[in-house]
Amino acid sequence: MKLIIASNNKHKIEEIKAMLGVRFDVVQGMREAGLELEVDENAETLEGNAEKKAAEVFALADSMGIIGNGDAVLADDTGLLVDALGGAPGVRSARYATDGHDDAANRRKLLYALAGVPTRKRGAHFATAMVLKIKGEPDIEATGRVFGVITEEERGENGFGYDSLFFYEPMGKTFAEMDAEEKNAVSHRKNALALVLAALN
Ligand code: IMP
């Protein structure tokens, strides 16, 4: 069975492949699957965006005849929710600083917004809403979370997005100081995927 991940983000595809590869014979990102589609992520919630992405990519793949019964499309939408900012940037995490998707600018803006906020008030969590649309079967939806603290400066070179600002206390490292295996063991996406897998089984 085939799984198409509704994304072209290399890091994300690798993370998902590492975790769901056991359940599907073929796991492809959109480009690899021959799909070209820009989904406007304009819903008000992470769940709404994941549903929209899954539905649009599934409809395109289905119309092109590249998915059969049992094949699936997985879409996710992730946000960083910072307590001291009332849950911002949240669903707007990708476009926090600019309308484009500029990770470095987003990190700078976040550090600026939290300037002077003490560590004990810098709590935050990543949330990933996931929707798995399987041809011929009901959708599976799940949201995974991981809790941490926003650092006062960037730490680490790995990962992407807000990883270098997200300190995970149980391991004493930011996500960007972890290797992929360490991050995959505890991440928001891992927690969402575990819920999706449990529902699949
Ligand atoms: P998207 O849901 O992949 O579009 O991500 C939304 C925003 O969250 C983007 O700014 C990403 O860079 C960021 N993001 C998504 N996943 C992660 C992650 O695992 N670590 C850090 N930032 C992430």
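All values reported here derive from a predicted model rather than from experimental measurement. In listed order, ligands and their atoms are each counted from 1.
With hydrogens left out, the protein atom closest to atom 12 (O) of ligand 1 is Asp103 OD1, 3.1 Å, a heavy atom. Protein heavy atom at the shortest distance from atom 11 (C) of ligand 1 is His101 NE2, 3.9 Å. The protein heavy-atom contact nearest to atom 3 (O) of ligand 1 is Lys12 NZ, 2.6 Å. Looking at atom 13 (C) of ligand 1, its nearest protein heavy atom turns out to be Tyr162 CD1, 4.0 Å.
Salt bridge Asp163/Lys183: present, at least one basic N to carboxylate O contact under 4.0 Å. Using a cut-off of 4.0 Å between Lys/Arg side-chain N and Asp/Glu carboxylate O, Glu182 and Lys173 are scored as salt-bridged.
Atom-to-atom distance recorded for Tyr96:OH and Leu85:CG is 5.0 Å, nearest 0.5 angstrom.
Remark: among candidates Thr78, Asn184, Val91, Asp163, the nearest residue to atom 21 (C) of ligand 1 is Asp163, based on non-hydrogen atoms.
With Asp77 contributing its side chain and Ala129 its backbone, the two residues share no donor-acceptor pair below 3.5 Å. Between the Arg122 side chain and the Leu114 main chain, a donor and an acceptor come within less than 3.5 Å of each other.
Inspection of the Thr174 and Ser164 side chains reveals no N or O donor paired with an N or O acceptor under 3.5 Å. Side chains of Asn42 and Lys52: a donor on one and an acceptor on the other come within 3.5 Å.
The shortest separation from a heavy atom of His11 to ligand 1 is not under 4.0 Å, leaving the residue out of contact. The closest approach between a heavy atom of Phe126 and any atom of ligand 1 is below 4.0 Å. Residue contact check for ligand 1: Arg189 places a non-hydrogen atom closer than 4.0 Å to it.
Contact atoms of ligand 1 toward His188: 16 (N), 17 (C), 18 (C), 19 (O) (distance under 4.0 Å to a heavy atom of the residue). Counting atoms of ligand 1 from 1 in the listed order, those under 4.0 Å from a heavy atom of Lys183 are 18 (C), 19 (O), 20 (N).
Between Phe126 and Phe166, the angle of the ring planes lies from 30° to 60°, which puts this pair in the tilted group. By the 30° and 60° cut-offs, the orientation of the rings of Phe175 relative to His188 is parallel.
Residue Lys53 places no N or O, backbone or side chain, under 3.5 Å from any N or O of ligand 1.
With a heavy-atom cut-off of 4.0 Å, Thr128 does not touch ligand 1 at all. Both the backbone and the side chain of Phe160 come within 4.0 Å of ligand 1, counting heavy atoms alone.
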